[in-house]
Number of protein chains: 2
Amino acid sequence: MMELTRKGEYAIRGVIYLARLPQGKVALISEIAEATRVPQTFLAKIFQSFAKLGLVNSYRGTGGGFVLGRPAAKISLREVVEAVEGPIMPNRCLMDEGTCEFGETCMVHPVWRKVQSQVEQILDSVTIEELTK
Amino acid sequence: MMELTRKGEYAIRGVIYLARLPQGKVALISEIAEATRVPQTFLAKIFQSFAKLGLVNSYRGTGGGFVLGRPAAKISLREVVEAVEGPIMPNRCLMDEGTCEFGETCMVHPVWRKVQSQVEQILDSVTIEELTK
DNA sequence: AAATTTAAGACTAATTCGGTCCGAAAGGTA
DNA sequence: TACCTTTCGGACCGAATTAGTCTTAAATTT
């Protein structure tokens with residue numbers, strides 16, 4: 001239960017790779033993919049979506065590639081994970097308040113709430129910068 | 001991320017239903033399925049596997065059905081969840097120690113370890129009995 | 001023997017996962 | 001201008017997982 005998908009793993013590896021680069025260094029997707037042992041086209045997709053979110057900056061053409069959008073110390077593991085996997089959501093009843101089929105009588109609801117907030121807290125407290133060491 | 005499947009939801013609902021019954025009352029799978037609004041054949045599969053694990057006892061023939069295998073106070077939410085979803089495992093690198101592709105240099109490993117133990121702890125601390133109230 | 005109820009296993013449709021492929025667009029270079 | 005490089009966007013695809021169904025068999029009771 002609760003497994004991170006490969007997409008999530010790959011995303012984390014890729015971002016850590018970028019974070020380890022010297023300040024301002026632009027990396028080709030081919031370079032990142034090779035270094036992290038991730039299928040290139042797949043990683044490209046992931047990074048394209050990250051570019052939209054501002055998590056990374058991308059540049060096209062010769063000399064182009066990817067750079068972190070912010071200092072690694074200002075990117076949390078949670079941000080990266082949620083960017084690819086969607087929100088931490090142990091049970092769909094936590095999404096729309098009231099989707100819970102049995103409404104107020106759902107006693108499990110608060111438990112999932114707690115799981116959710118605990119996991120969020122753990123992932124919030126880890127920065128990408130810490131993961132580069 | 002980290003979503004319980006329907007199977008997990010159904011299992012929890014079914015077990016709670018059993019726990020709410022008067023001591024020793026045997027319930028038909030058709031009755032449980034209807035009450036919890038779960039497809040009957042699907043719930044039957046779930047309960048069959050629970051019977052093997054001793055989580056419930058089953059009886060065939062007229063007057064047969066299902067009963068909890070133990071007092072609800074002695075069944076944790078974790079047990080029920082893991083029985084259907086498998087172990088709490090935020091990342092496959094936590095399974096076989098050493099599957100972690102980048103071995104000792106995987107800095108994310110301890111984070112997943114922490115997530116795992118926190119979630120386990122939360123689910124361990126909730127009994128089915130508490131959920132019946 | 002007949003009716004009831006769970007057990008076991010094969011089967012299936014829909015969705016998600018884990019990618020690939022290709023043409024277009026943007027930017028650099030000669 | 002023409003050409004090269006590199007990301008962007010979208011369609012596509014096979015395999016695995018999810019969410020069930022269906023059928024036949026095996027207990028148990030009446």
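Just so it is clear, the values below take in all heavy atoms, side chains as well, and ignore hydrogens, waters and symmetry mates.
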Looking only at the side chain of A:Ala51 (C-beta and beyond, no hydrogens), which of the listed nucleotides C:dT6, C:dG27, D:dC8 gets closest?
D:dC8
Starting at atom CD1 of A:Ile29, determine the distance to atom C1' of D:dT6, rounded to an integer number of angstrom.
11 Å
Can you measure A:Glu31 atom CD to D:dT6 atom P for me and round it to whole angstrom units?
11 Å
Hey, which of A:Arg13, A:Lys7, A:Arg6 is the one that makes salt bridge (Lys or Arg N to Asp or Glu O under 4.0 Å) with A:Glu9?
A:Arg13
Whole angstrom value for the distance that separates P of C:dG18 from CZ of A:Arg13:
12 Å
When rounded to whole Å, the CD to C1' distance for the pair A:Glu3 and D:dT18 reads 15 Å
Whole-Å distance between D:dC8 C1' and A:Phe50 CZ?
16 Å
Whole-Å gap separating C1' (D:dC4) and CG (A:Leu28)
14 Å
Does B:Gly61 or B:Phe66 map to a spot on DNA chain C nearer the 5' end, using the closest nucleotide for each?
B:Gly61
How close or far is atom P of C:dG18 from atom CD of A:Glu9, stated in whole angstroms?
9 Å
What one-letter contact string describes nucleotides 19-25 of chain D from 5' to 3', where B marks a base within less than 4.0 Å of any protein heavy atom, S marks contact via sugar-phosphate atoms alone, and - marks no contact?
SBB----
For B:Gln40, does the CD atom have more than 12 heavy-atom neighbours from other residues, nucleotides or ligands under 6.0 Å away?
yes
dist B:Met89:CE -> A:Glu3:CD (nearest 0.5 Å) comes out at 7.0 Å
Rounded to the nearest 0.5 angstrom, the OG1-CD1 distance for A:Thr132 and A:Ile16 is 8.0 Å
Ion pair A:Arg70/A:Glu79, N-O distance below 4.0 Å:
yes
Each nucleotide N or O in nucleotides 13-16 of chain C that has a protein N or O under 3.5 Å away: list the pair and distance.
none

Using atom CZ of A:Phe47 as one end and atom P of D:dC8 as the other, report the distance to the nearest whole Å.
11 Å
Under 3.5 Å, is there a donor-acceptor pair between the B:Thr5 and B:Glu85 side chains?
yes
Mind checking if A:Tyr59 touches a base, just sugar-phosphate, or nothing, with heavy atoms under 4.0 Å?
sugar-phosphate
Note: B:Val84 and B:Ile46 closest approach over all heavy atoms is CG1-CG2, 3.9 Å
So CD of A:Glu130 and CE of B:Met107: to nearest 0.5 Å the spacing works out to 8.5 Å
Can you tell me how far CE of B:Met1 sits from CG of A:Leu4, rounded to the nearest 0.5 angstrom?
4.5 Å
